[in-house]
2 protein chains.
Amino acid sequence: MRNILIIGSGKSSSHLIQYLLEKSQTEELQITIADKQLEHAKRLIKNHKNATTLALDIFNETLRRQTIKNADIVISMLPAHLHLDIAKDCLSLNKHLVTASYISDQMQALNNEAIQKGLVFMNEIGVDPGIDHMSAMQVIDRIRSKGGKMLLFESFTGGLVAPESDTNLWNYKFTWNPRNVVLAGQGGAAKFIQENTYKYIPYHRLFRRTEFLDVDGFGRFEAYANRDSLKYQSVYGLDQVKTLYRGTIRRVGFSRAWNMFVQLGMTDDSYILEDSEHMSYRDFVNAFLPYSPSDSVELKLRHQLKIDQDDVVWDKLLELDIFNPKKTTGLKQATPAQMLQHILMDSWTLAPDDKDMIVMYHKFGYELAGKSHQIDSTMVTLGQDQTFTAMSKTVGLPVAIAALAILNKQITTPGVLRPISKEVYTPILKTLEQYGIQFHEKEVPYLGYNPLNI
Amino acid sequence: MRNILIIGSGKSSSHLIQYLLEKSQTEELQITIADKQLEHAKRLIKNHKNATTLALDIFNETLRRQTIKNADIVISMLPAHLHLDIAKDCLSLNKHLVTASYISDQMQALNNEAIQKGLVFMNEIGVDPGIDHMSAMQVIDRIRSKGGKMLLFESFTGGLVAPESDTNLWNYKFTWNPRNVVLAGQGGAAKFIQENTYKYIPYHRLFRRTEFLDVDGFGRFEAYANRDSLKYQSVYGLDQVKTLYRGTIRRVGFSRAWNMFVQLGMTDDSYILEDSEHMSYRDFVNAFLPYSPSDSVELKLRHQLKIDQDDVVWDKLLELDIFNPKKTTGLKQATPAQMLQHILMDSWTLAPDDKDMIVMYHKFGYELAGKSHQIDSTMVTLGQDQTFTAMSKTVGLPVAIAALAILNKQITTPGVLRPISKEVYTPILKTLEQYGIQFHEKEVPYLGYNPLNI
């Protein structure tokens with residue numbers, strides 16, 4: 001038997017655990033799930049003979065090291081900032097490691113030692129980052145192997161509600177950490193490249209500079225720019241590319257409506273509102289509008305944001321019950337962003353039978369034999385229920401497949417890695433396809449942003 | 001002879017030095033001006049027998065302490081963050097200290113020791129902060145002494161060009177640190193109180209929520225909210241006030257035009273533009289606009305900001321020559337704010353014969369014997385030339401007068417102070433009047449923001 005240790009068993013571990021349990025007989029796996037809270041894990045493994053749970057406080061160094069020592073490979077599903085101690089244990093105890101998190105500078109600093117010891121520390125192998133790396137590099141490598149030269153790469157991902165659960169005017173519910181949704185795009189201007197020109201969008205304009213994306217069978221979406229479009233430029237070998245853009249997918253109309261909150265200042269997380277505890281939803285809105293002894297909060301908001309009477313964004317506000325003078329959040333010492341999150345959670349929390357959806361869209365523009373081409377590649381994954389969500393599937397399956405491939409020595413290159421090499425993405429993408437996570441490619445005319453070469 | 005040591009002799013020290021020289025005979029003063037660069041000071045003192053200059057690097061502790069030891073009182077005109085070492089020397093050497101800067105937490109921490117030693121550490125005694133404190137507290141104290149109850153306090157200050165030098169479409173030139181002008185309002189939402197309601201304005205809305213101010217003989221101005229309207233609420237004893245607002249004065253129309261830069265993202269100082277060194281002014285503008293192979297930068301900007309063809313804000317942009325494809329700033333590794341500052345300095349730098357102007361406007365609303373009243377108090381000071389500026393006069397004179405009053409034991413209360421007590425403001429405001437810095441009061445109907453008590 002080979003021992004797989006999974007540390008952390010939150011919402012995104014359902015498919016991960018299920019996949020490894022399925023393979024546990026044929027692959028001779030013994031799975032240990034270690035966490036502070038084990039209810040979720042216990043429900044998933046249902047006394048499966050190849051799985052055990054272990055109550056572990058990861059700050060208990062002795063128990064943590066002992067547990068890791070007994071494993072052949074470690075999967076950390078903890079929040080990103082908690083990986084480091086585990087990674088150092090893996091180094092000293094000679095264990096491979098898999099995480100779905102961004103490679104931090106501290107993690108990157110372990111690269112040389114991991115290489116020396118022949119250990120695979122695979123990171124960013126969930127969804128955005130993860131499946132986006134693999135699916136993009138597969139197409140980019142194929143284009144290059146034919147002699148093509150990359151001109152454009154755009155990549156978009158969104159966590160949304162499945163069409164059957166898409167029941168509100170915003171076409172949005174929280175399928176992931178609500179706080180991250182409220183704060184999305186903050187902390188600096190979005191930066192990207194269009195036709196060899198660097199472009200910058202300040203936060204307060206971000207949600208007004210969207211672009212549309214059509215996905216066969218799922219209709220039209222929109223995307224706003226991520227802050228970090230250039231993050232993987234060198235990693236993907238795209239230093240000479242003319243256009244490079246990464247974005248977040250929403251249903252059309254979300255961004256224009258969300259922009260109301262941004263304009264009013266409701267997404268600000270940098271200061272505390274006076275007496276937030278007793279503020280009604282209406283008081284909260286009014287705090288961002290000029291004082292008037294007679295005009296209603298509604299009219300002041302319409303006037304400030306120049307919202308026409310028949311504009312659907314108004315109905316979106318009403319749907320949130322945001323003008324209610326009786327509802328309070330009860331939050332003490334709250335920032336505007338915390339207040340807004342509370343108000344949105346009233347309306348955007350998933351109902352028990354709601355399902356989620358992950359949408360990914362890549363555009364690859366390239367030149368081959370003097371001609372311009374473009375491939376658009378899309379992927380949609382739907383959740384089954386609130387345990388086996390699309391998010392859990394797209395995060396957990398690649399993690400599980402990678403862990404098994406490392407155990408089986410299909411992936412052997414050591415170091416602190418992300419899944420951008422053929423050795424890694426080929427077997428994983430192939431297995432993901434068997435589980436329905438499949439990209440659909442089509443050739444489209446290369447447009448770029450200057451199709452006529454003006 | 002009494003020895004006055006002035007450390008720092010930048011632009012704002014002209015009137016300070018002139019005033020003390022004038023008084024040096026009758027008051028038996030020996031003035032020492034210590035600075036790294038002494039050209040400005042030497043030009044001002046012209047071999048006056050009661051003044052000497054001293055080359056001083058304030059990080060040379062030995063010389064600094066020796067110099068302070070020889071003084072009876074120390075005036076620091078250095079940038080605020082350099083006061084602390086001097087203040088500590090003053091404590092250990094038993095010297096009084098005067099600065100025009102905001103009281104930092106570190107300065108405040110010296111309060112007990114200053115009191116124990118009977119030393120006056122007078123701060124915030126220039127203009128905003130300074131003359132605003134004194135002129136406001138004089139009226140507030142008078143209202144209270146009659147039994148009035150404060151309802152409203154609003155206070156506005158602006159550094160502008162004098163009417164005769166007001167020659168551009170923006171009605172603005174840099175009469176003070178340009179960098180502070182470009183960054184004004186950043187770093188958090190503006191917070192104030194209107195009719196017992198806390199109000200918050202995010203930075204990107206700040207320049208669209210202005211109010212008008214009319215000053216007899218000088219026409220109409222506008223003001224946008226400072227970030228710190230509540231800063232002196234308790235200091236002024238205004239905890240029960242219904243309305244509290246502090247703002248910055250500009251000529252009407254400045255803010256609406258400035259808002260274009262804010263909206264585009266040009267005032268951002270948090271990141272570096274790619275290849276800023278070789279960016280033309282036009283490239284700089286274009287970096288904040290969507291790519292287009294054919295549309296002009298001008299049209300894209302008009303469209304993004306929805307600027308009508310006949311809107312004067314457009315002429316304001318043209319006046320700055322901001323669409324010029326040949327001019328570059330040459331700034332390496334520049335932030336957007338640094339680039340914008342460079343472009344503005346082309347147009348907004350004072351010509352040799354330009355004069356500046358300081359405008360201050362206070363509103364005091366109060367209740368007396370069941371009736372509401374309001375006093376509006378205004379002050380305008382014009383510069384004489386580019387040495388004896390209005391800024392130098394309104395900063396330097398109160399500093400000089402305070403220093404002399406401390407020497408003469410007219411101001412004796414020890415501690416880390418700002419000029420808010422009668423003991424301090426009465427003699428200083430009286431002397432300022434003799435020098436033409438005079439407030440004009442008029443009674444106006446109390447309007448507040450809810451005159452009909454709806």
Side-chain angles (χ1 to χ4, degrees), chain A residues 187-206 208-209 211 225 227 230 242-243 245 261-268 270-276 279 283-284 286-295 304-306 335-336 447-454, chain B residues 187-206 208-209 211 225 227 230 242-243 245 261-268 270-276 279 283-284 286-295 304-306 335-336 447-454:
Chain A
K191 181 180 176 183
F192 54 94
I193 307 178
Q194 278 181 327
E195 301 291 334
N196 293 320
T197 313
Y198 286 96
K199 296 292 183 186
Y200 306 87
I201 308 179
Y203 174 64
H204 61 268
R205 300 279 304 162
L206 191 61
R208 301 309 295 125
R209 300 257 306 259
E211 63 175 279
R227 277 189 59 209
L230 311 190
K242 282 170 144 185
T243 295
Y245 186 101
F261 301 141
V262 174
Q263 290 309 310
L264 290 169
M266 287 181 176
T267 60
D268 198 327
S270 70
Y271 68 92
I272 304 289
L273 291 161
E274 292 282 336
D275 197 27
S276 59
M279 256 185 168
D283 292 336
F284 174 63
N286 195 29
F288 302 102
L289 297 169
Y291 177 85
S292 163
S294 51
D295 298 326
Q304 282 289 314
L305 301 184
K306 300 191 171 74
T335 65
L447 292 176
Y449 290 83
N450 187 5
L452 304 174
N453 264 313
I454 293 175
Chain B
K191 181 180 176 184
F192 53 95
I193 308 177
Q194 279 181 325
E195 301 291 334
N196 293 320
T197 313
Y198 286 96
K199 295 292 183 186
Y200 305 87
I201 309 179
Y203 173 64
H204 61 270
R205 299 281 302 162
L206 191 61
R208 301 310 296 126
R209 299 257 306 258
E211 62 175 277
R227 277 190 57 209
L230 311 189
K242 284 171 143 183
T243 295
Y245 186 102
F261 301 141
V262 175
Q263 290 309 310
L264 290 169
M266 287 181 177
T267 61
D268 197 327
S270 71
Y271 68 92
I272 305 288
L273 290 161
E274 292 283 337
D275 197 26
S276 60
M279 256 184 168
D283 291 337
F284 175 63
N286 195 29
F288 303 102
L289 297 169
Y291 177 84
S292 163
S294 50
D295 297 326
Q304 282 289 314
L305 301 184
K306 299 190 172 74
T335 66
L447 292 177
Y449 291 84
N450 186 5
L452 304 174
N453 265 313
I454 292 173

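Only a predicted model underlies this, so the values are computations on that prediction, with no experimental measurement involved. Letters A, B, ... are given to chains in the order of the sequence lines, protein chains preceding strands, and every chain is numbered from 1.
Partners of N286(B) according to the side chain to side chain donor-acceptor pair (under 3.5 Å) rule, which considers only residues two or more places apart in sequence or in another chain, are K199(A), K300(B). By the side chain to side chain donor-acceptor pair (under 3.5 Å) test, D275(B) pairs with H278(B), sequence neighbours left out.
Looking at L273(B), both its backbone and its side chain come within 4.5 Å of chain A, counting heavy atoms on both sides. Heavy-atom distances place the side chain of Y271(A), and not its backbone, under 4.5 Å from chain B.
For the atom pair OH (Y291(A)) and NZ (K242(B)), the distance works out to 7.5 Å, reported to the nearest 0.5 Å. Rounded to the nearest 0.5 angstrom, K306(A) NZ and K306(B) NZ are separated by 9.5 Å. Rounded to the nearest 0.5 Å, atoms CZ (F288(B)) and CZ (R209(A)) are 10.0 Å apart.
Options Q304(B), R208(B), H204(B) differ in how many heavy-atom pairs under 4.5 Å they form with chain A, and the most are formed by H204(B). The residue among L289(B), L264(B), I201(B), D268(B) with the most heavy atom pairs within less than 4.5 Å of chain A is L289(B).
Taking all atoms of both residues into account, the shortest heavy-atom contact from Q194(A) to P290(B) is OE1-C, 4.3 Å. Shortest non-hydrogen contact noted between K191(B) and E274(A) is NZ-OE2, 2.7 Å. Taking each heavy atom of P202(A) and G265(B) in turn, the nearest pair found is CG-CA, 3.7 Å.
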